Amino acid sequence: MRPSDTLTVNFDAGPDKEGPTSWAQLKTFHRRARYPHDRYSSFLTHAVELPAGTSRGRLAEAFAALLVTHESLRTVYPDDGRRQCVLGKGELTLAVHDVPDDEGTLAGVLETLTRSPFDFARELPLRAAVLAPGGRPVRLVVAYSHIAVDGEGLRIVTEDVHNALAGRGDRNGSGAAQPLELALEQQSPAWRERNAAALRHWDKVMERVPQSVLAVPVATGGDADRYLRGVLESRVVAEALPVITARTRASGSAVMLAATAAVLAHRAGLPRCALTAIAANRNTPRTERYVGTIAQDALVLLTPGDGTFDALVRQAWTGSLAAYQHSQVHPLDLWDRIAKVGFRRGIRFARDCVFNDRSAPGGGVEVSDQAAPGEGSTIRVQRATFMPVRFFLRVLRTSGTAEIVLWSDTRYLPEPELREFLAGLERLLVAAAKEDVPLSRIGDITGVTPALRGPQWREIDASLVDVDAVRRLVEMVARGRGSAVFVTDVTDTGEAELVAYVDTSGTSLTSHSLHQACMAALPDFDGAIAPTRYVLCDGAPKNSTDEAAWLSGPVTSTGDGRSLASGETPLAPGDR
């Protein structure tokens with residue numbers, strides 16, 4: 001949509017500043033660089049109805065005050081995200097549209113503002129437009145980069161815009177820390193120790209997580225309607241939550257986390273459920289009204305088991321508190337540790353299921369004796385855009401009428417299952433408000449159907465694994481040489497392992513180079529993990545499906561491939 005005019009906003013906040021980026025800024029920069037077309041989480045938008053009679057000059061003045069107050073809105077990132085430059089002076093051009101102020105026009109303006117990724121090195125991390133039918137400004141529309149604000153930051157800047165337009169703006173700010181200040185603090189010895197403690201926590205959790213929670217046979221179909229957004233609005237969920245929280249003495253967020261994990265684990269058929277919970281990290285006076293990206297991942301591992309829902313809520317309460325406590329971590333250090341644990345375990349942690357509680361605490365409401373699942377509730381499903389996850393559940397409101405949004409990649413959670421999940425979540429919470437529900441009854445209570453898998457799926461190292469996908473992975477790495485994969489039960493532990501046999505005659509291939517190649521290719525093979533052990537053979541048997549035949553031939557070496565053993569060499573360029 002082409003503007004009919006422009007409005008230039010000039011700001012002057014003193015000299016430029018430059019320094020390192022904060023951990024959350026660096027994380028966000030790299031995610032946006034890796035997924036530039038992730039419009040769903042790249043942009044946070046809002047539209048502000050302007051007070052009657054707002055002039056262009058008053059609007060420019062109010063917007064300039066917003067830019068002066070919040071350094072994150074006038075920051076650029078000139079290199080690979082490791083440094084930031086806070087601009088002291090500059091200008092921002094607002095597009096002015098002489099068009100009607102209606103839903104269709106607003107959608108068109110938002111589409112224009114979010115059509116292309118931000119150029120972090122040269123562009124301020126926000127874009128704005130004004131709807132001005134007949135030349136009269138009536139609505140301000142803003143799209144922020146996620147590196148400039150997170151969810152709570154968006155609420156704060158929206159409030160500040162309202163105040164500035166009403167003449168209540170404070171150019172001295174709120175006393176909250178600025179991103180550059182926090183980044184400099186994170187260089188200190190105290191924060192380095194905090195980082196080390198967080199890495200130790202992540203190491204422990206990563207040793208036990210499944211590779212993927214939604215490890216299911218992938219649904220086929222085109223990409224036109226691949227991503228969906230389901231919205232549950234439910235009065236009975238809002239009524240149920242305070243009853244459960246009073247009984248368990250846990251937070252409403254812990255109850256929602258436990259319910260999500262219980263239904264997910266049931267559908268996935270997994271004994272453990274790993275949820276990436278978004279930690280707001282706003283627990284000090286200086287960060288309460290922080291404007292910038294400060295939220296980071298908190299990995300929560302829950303084991304629903306055969307206990308009760310209340311026990312799972314208490315597990316979610318203590319587990320999430322520990323996870324949130326260790327969520328502030330240097331992202332490059334964290335990704336390196338995740339990769340190292342994954343290489344040793346032979347998994348690529350999918351980060352496929354994300355939970356984000358954005359709700360404000362609600363007042364206590366007694367559950368109605370007549371309340372039943374589905375009463376006072378609706379589920380609607382809309383098309384959505386790409387996100388680099390498979391499942392993203394957001395709790396937006398829990399008082400009055402609860403609002404829960406579930407985004408899904410329909411290859412892993414198709415529309416019928418998305419609807420079933422939201423309805424099942426509601427049924428579980430309503431049932432749990434009446435009694436402490438045994439988790440053995442979760443299927444009957446929720447109506448959620450476990451994912452259907454063929455006999456080739458096995459549970460190995462806490463993950464559900466498609467052994468056929470592992471065979472295809474090893475075949476690709478073997479590059480036409482004979483290969484086979486077998487599942488072997490290890491009697492001393494009672495667990496299963498994957499053993500790969502590969503004809504490596506005439507090559508310099510080693511177990512280590514094979515494992516390197518498997519790990520590099522793993523993201524392209526849904527349901528696969530790397531073999532537990534590699535057996536290198538001088539030739540392949542005629543019947544490659546017979547493990548005994550492989551063992552009867554010449555075996556040159558065997559190993560898990562996790563380390564470069566003495567005498568082994570990396571994968572030679574000609575063998576790739």
Side-chain angles (χ1 to χ4, degrees), residues 1-13 36-70 72-76 87 89-120 122-149 151 153-171 229 291 382-385:
M1 180 177 292
R2 287 183 172 276
S4 53
D5 196 2
T6 59
L7 174 63
T8 300
V9 174
N10 294 288
F11 61 88
D12 185 350
H37 302 297
D38 176 12
R39 293 172 60 188
Y40 193 92
S41 53
S42 289
F43 299 97
L44 289 90
T45 62
H46 75 125
V48 179
E49 186 176 347
L50 302 175
T54 298
S55 67
R56 290 167 60 109
R58 180 75 192 102
L59 177 58
E61 182 182 337
F63 213 83
L66 184 74
L67 291 166
V68 168
T69 300
H70 301 299
S72 68
L73 305 183
R74 47 188 170 88
T75 298
V76 292
L87 303 181
K89 297 181 178 64
E91 63 179 37
L92 179 71
T93 300
L94 280 61
V96 180
H97 298 271
D98 184 356
V99 291
D101 179 22
D102 56 37
E103 281 193 21
T105 301
L106 180 59
V109 170
L110 283 171
E111 166 67 25
T112 301
L113 293 176
T114 60
R115 184 172 296 155
S116 60
F118 281 102
D119 182 346
F120 291 127
R122 299 174 182 83
E123 183 182 6
L124 292 184
L126 74 163
R127 298 168 184 157
V130 183
L131 302 188
R136 182 174 59 89
V138 298
R139 189 175 299 275
L140 173 67
V141 186
V142 189
Y144 299 94
S145 166
H146 210 306
I147 204 167
V149 297
L154 177 64
R155 185 192 66 77
I156 294 167
V157 295
T158 303
E159 181 182 289
D160 286 355
V161 168
H162 279 287
N163 289 337
L165 288 169
R168 297 191 298 269
D170 180 7
R171 284 179 178 266
R229 179 179 181 268
V291 172
Q382 308 160 332
R383 288 181 61 179
T385 58

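Keep in mind that this is a model prediction, so the values were computed, not measured.
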Can you measure from [atom1] ([X]) to [atom2] ([Y]) and round to the nearest 0.5 angstrom?
X	Y	atom1	atom2	result
H97	D5	NE2	CG	10.5 Å
L140	T158	CG	OG1	9.5 Å
L73	L87	CG	CG	11.5 Å
T54	R139	OG1	CZ	12.0 Å
L50	H162	CG	NE2	9.5 Å
R229	T385	CZ	OG1	10.0 Å

Which pair of non-hydrogen atoms, one from [X] and one from [Y], has the smallest distance, and what is that distance?
X	Y	result
D98	G134	OD1-N, 2.7 Å
A143	F43	CB-CD2, 4.4 Å
P125	T75	CD-O, 3.3 Å
S55	P137	C-CG, 4.5 Å

[Y] backbone acceptor or donor facing [X] side chain under 3.5 Å:
X	Y	value
S4	V96	yes
R127	L113	yes
T69	A65	yes

Inset, instruction - State whether E111 and R39 are salt-bridged, where the test is any N-O pair (Lys NZ or Arg NE/NH1/NH2 against Asp/Glu carboxylate O) under 4.0 Å. - result: yes
Legend entry - Pair D160 + R155, salt bridge at N-O below 4.0 Å: no
Inset, instruction - Could you walk me through whether L59 and V130 pass the side-chain contact (heavy atoms from CB on, under 4.5 Å) test, one step at a time? - result: CA-CA 9 Å; L59 177 58; V130 183; 3.5 Å; yes
Inset, instruction - Please determine which of L126, V157, V142 meets the side chain to side chain contact (heavy atoms under 4.5 Å, CB included) test together with V149. - result: V157
Inset, instruction - Answer whether the closest heavy-atom distance between the side chains of R74 and F11 falls below 4.5 Å. - result: yes
Inset, instruction - Fit a plane to each ring of Y144 and H46, take the angle between them on a 0 to 90° scale, and name the class: parallel (under 30°), tilted (30 to 60°) or perpendicular (over 60°). - result: parallel
Inset, instruction - Assess whether atom CZ of R58 is packed by more than 12 heavy atoms of other residues, nucleotides or ligands within 6.0 Å. - result: yes
Legend entry - Qualifying residues under side-chain hydrogen bond (donor to acceptor under 3.5 Å, both in side chains), relative to D119, sequence neighbours excluded: R122
